[in-house]
2 protein chains.
Amino acid sequence: MIVIENISKYLLENGIKPSVQRLKIFEYLSNTIEHPTVETIFNALSEEIPTLSKTTVYNTLRLFQSKGIVNVINIEDNETRYDADTSFHGHFKCTECGKVYDFKVDISKIKFMELENFKIMESHYYLKGICKYCLNNNNL
Amino acid sequence: MIVIENISKYLLENGIKPSVQRLKIFEYLSNTIEHPTVETIFNALSEEIPTLSKTTVYNTLRLFQSKGIVNVINIEDNETRYDADTSFHGHFKCTECGKVYDFKVDISKIKFMELENFKIMESHYYLKGICKYCLNNNNL
DNA sequence: GTATCTGCAAAACATTTGCAATTCT
DNA sequence: AGAATTGCAAATGTTTTGCAGATAC
């Protein structure tokens with residue numbers, strides 16, 4: 001979930017021509033807290049854009065990724081999720097309800113002793129467990 | 001890379017009957033620093049066990065995972081890697097040479113403000129970038 | 001009118017499943 | 001013999017690719 005006032009302008013600033021499909025896909029991604037999969041994005045938009053194809057969703061997300069305006073989330077090996085918030089933060093996946101939550105990570109506290117002279121370009125921190133709502137509801 | 005003196009005993013202690021395939025797969029996984037994929041494990045062992053099938057590698061790794069003696073590494077969405085070192089540590093993937101390096105992470109320094117009352121069961125920290133050897137060799 | 005973008009269909013992969021053959025005790 | 005394990009072949013699911021038609025400038 002991030003707030004972008006003018007998505008068309010934002011895409012152009014990042015070297016992307018704003019087609020209807022690209023606008024809608026980015027809009028959906030920036031307005032959700034769900035870290036959706038291709039499937040979820042496709043299902044959510046196909047009513048609004050009945051001709052939309054999954055190929056376009058795949059192509060568009062790959063384009064967004066190459067331009068650095070979306071991040072790929074690989075918590076689970078069988079589902080690739082996407083996030084329009086490219087600032088560094090952690091992701092917690094609840095194994096009960098499947099929801100993915102964001103959380104802040106103070107990266108300055110982390111030391112990388114073995115990685116001296118390595119060029120770090122991407123950073124991902126993933127947790128798995130059970131969220132407090134599932135813990136309450138199911139008395140797990 | 002971890003040192004297990006008696007792999008057969010180690011498997012039994014974790015509720016796994018030590019067949020030849022299971023022993024060899026775990027031995028390979030515990031002796032390497034490469035965080036191999038199913039493909040890599042299969043190729044490395046098929047000379048020694050000519051009848052080995054990928055299905056067995058898949059089944060065995062799933063079994064090891066369910067018993068908690070291997071961890072799955074999902075840095076990249078198109079390659080699932082495996083690690084017999086289940087202690088918490090970070091993984092750095094070099095996007096040039098493809099190698100995955102381990103590094104220590106002092107998890108006590110990380111605070112999870114938004115995750116109060118969440119039950120954390122797994123923790124993964126992944127970095128991507130360019131390792132010092134590729135930086136030196138290619139003057140990137 | 002030419003470039004680009006979209007989306008269908010097919011291809012390419014990775015992983016799982018059903019089941020028969022094999023192995024182990 | 002009986003139970004568990006292995007491995008082939010087929011099925012499933014996800015992502016990519018080739019290409020023709022549609023759209024935009």
Side-chain angles (χ1 to χ4, degrees), chain A residues 7-9 11-12 14-29 35-67 69-83 98, chain B residues 7-9 11-12 14-29 35-67 69-82 98 100:
Chain A
I7 294 176
S8 188
K9 190 174 153 219
L11 294 184
L12 278 169
N14 285 282
I16 299 164
K17 284 192 189 169
S19 71
V20 172
Q21 289 84 344
R22 289 169 179 179
L23 281 167
K24 291 290 176 192
I25 291 171
F26 193 84
E27 185 191 8
Y28 180 78
L29 209 49
H35 312 85
T37 61
V38 164
E39 187 73 18
T40 310
I41 298 168
F42 175 75
N43 290 337
L45 295 178
S46 40
E47 201 175 319
E48 203 177 345
I49 314 172
T51 60
L52 185 66
S53 83
K54 270 191 195 171
T55 303
T56 299
V57 180
Y58 276 109
N59 289 340
T60 303
L61 290 169
R62 190 142 35 102
L63 176 68
F64 287 171
Q65 195 195 345
S66 74
K67 299 295 187 180
I69 64 167
V70 308
N71 277 348
V72 174
I73 302 174
N74 287 314
I75 306 185
E76 220 73 75
D77 52 2
N78 57 354
E79 55 174 33
T80 305
R81 290 164 173 266
Y82 295 87
D83 194 344
Chain B
I7 293 176
S8 188
K9 191 175 154 218
L11 294 184
L12 278 168
N14 285 282
I16 299 164
K17 285 194 187 168
S19 71
V20 172
Q21 289 85 343
R22 289 168 178 180
L23 281 167
K24 291 291 176 191
I25 291 171
F26 192 84
E27 185 190 9
Y28 180 78
L29 208 49
H35 311 86
T37 61
V38 164
E39 186 75 17
T40 311
I41 299 168
F42 175 76
N43 290 337
L45 296 179
S46 40
E47 201 176 319
E48 203 176 346
I49 314 171
T51 60
L52 185 66
S53 82
K54 268 188 197 173
T55 303
T56 299
V57 180
Y58 276 109
N59 289 339
T60 303
L61 290 170
R62 191 143 34 103
L63 175 68
F64 288 171
Q65 195 195 346
S66 74
K67 299 295 187 181
I69 64 166
V70 308
N71 278 348
V72 174
I73 303 174
N74 287 315
I75 306 185
E76 220 73 75
D77 53 0
N78 57 354
E79 56 174 32
T80 305
R81 290 165 173 265
Y82 296 87
V100 174

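Every heavy atom of this structure was used, including side-chain atoms; hydrogens, water molecules and symmetry mates were not. Labels below follow one simple rule: chain letters A, B, ... track the order of the sequence lines, proteins then strands, and each chain is numbered from 1. On a predicted model such as this, the values are computed, not experimentally measured, just so you know.
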(Q) I need the CG-P distance between Leu52(A) and dA22(D), as an integer number of Å. (A) 17 Å
Q: Describe the nucleic acid contact of Thr56(B) in one word from base, sugar-phosphate, nothing, applying a heavy-atom distance below 4.0 Å.
A: base
Q: For Arg81(A) and dT14(D), give me the distance from atom CZ to atom C1', rounded to whole Å.
A: 15 Å
Q) Roughly, in whole Å, what's the span from CG in Leu23(B) to P in dT6(D)? A) 10 Å
Q) Separation of Leu61(B) atom CG from dA14(C) atom C1', in whole Å? A) 14 Å
Q. Within the structure, does a side-chain N or O atom of Gln21(A) lie under 4.0 Å from either OP1 or OP2 of dG7(C)?
A. yes
Please tabulate the protein-to-nucleotide N/O contacts below 3.5 Å involving nucleotides 23-25 of chain C, giving atom names and distances.
none

Q: Show your reasoning for whether side chain to side chain contact (heavy atoms under 4.5 Å, CB included) applies to Thr40(B) and Asn43(B).
A: CA-CA 5 Å; Thr40(B) 311; Asn43(B) 290 337; 6.0 Å; no
Q. Is Thr56(B) reaching over with its side chain to a backbone N or O of Leu52(B), donor-acceptor style, under 3.5 angstrom?
A. no
Q.
If you assign Ser19(B) and Lys17(A) each to the DNA chain D nucleotide with the nearest heavy atom, which residue ends up on the more 5' nucleotide?
A. Ser19(B)
**Q.** Spacing of Arg22(A) atom CZ relative to dA24(D) atom P, expressed in whole Å
**A.** 12 Å
Q) What closest approach, in Å, do Asn74(A) and Ile75(B) show between heavy atoms, and which atom pair accounts for it? A) ND2-O, 3.1 Å
Q. Which pair of heavy atoms, one from Leu61(A) and one from Val70(A), lies closest together, and at what distance?
A. O-CG2, 4.0 Å
Q.
What is the separation between atom CD1 on Ile49(B) and atom C1' on dT5(D), rounded to the nearest whole Å?
A. 13 Å
Q. Taking CG from Asn74(A) and C1' from dT14(D), how many angstroms apart are they, rounded to a whole number?
A. 13 Å
Q.
Under a 3.5 Å cut-off for both contacts, is dA3(C) paired Watson-Crick or G-U wobble with anything, and if yes, with which nucleotide?
A. none
**Q.** Under 4.0 angstrom between Thr51(B) side-chain N/O and dG7(D) OP1 or OP2
**A.** yes
Q. Is there a donor-acceptor pair closer than 3.5 Å between any side-chain N or O of Arg22(B) and the backbone N or O of Lys17(B)?
A. yes
Q. Between dT6(C) atom C1' and Ile25(A) atom CD1, what is the distance in whole Å?
A. 11 Å
Q: Using Watson-Crick or G-U wobble geometry with both distances below 3.5 Å, tell me the partner of dT23(D), or none.
A: none
Mind listing the N/O atom pairs, protein and nucleotides 15-19 of chain C, below 3.5 Å?
residue: dT15(C); atom: OP1; partner: Thr80(B); partner atom: OG1; Å: 2.9
residue: dT15(C); atom: OP2; partner: Tyr58(B); partner atom: OH; Å: 2.7
residue: dT15(C); atom: O5'; partner: Tyr58(B); partner atom: OH; Å: 3.4

Q. Side chain of Thr60(B), backbone of Val57(B): donor and acceptor closer than 3.5 Å?
A. no
Q) Under 3.5 Å, is there a donor-acceptor pair between the side chain of Arg81(B) and the main chain of Ile73(B)? A) no
Q: Mind jotting down which residue pairs meet the salt bridge (charged side-chain N to carboxylate O under 4.0 Å, His left out) criterion with at least one end in residues 53-67 of chain A? Sequence neighbours excluded, please.
A: Glu39(A)-Lys54(A)
Q: Locate the shortest heavy-atom distance separating Leu29(A) from Pro36(A); write the atom from each residue and the value.
A: CD1-CG, 3.5 Å
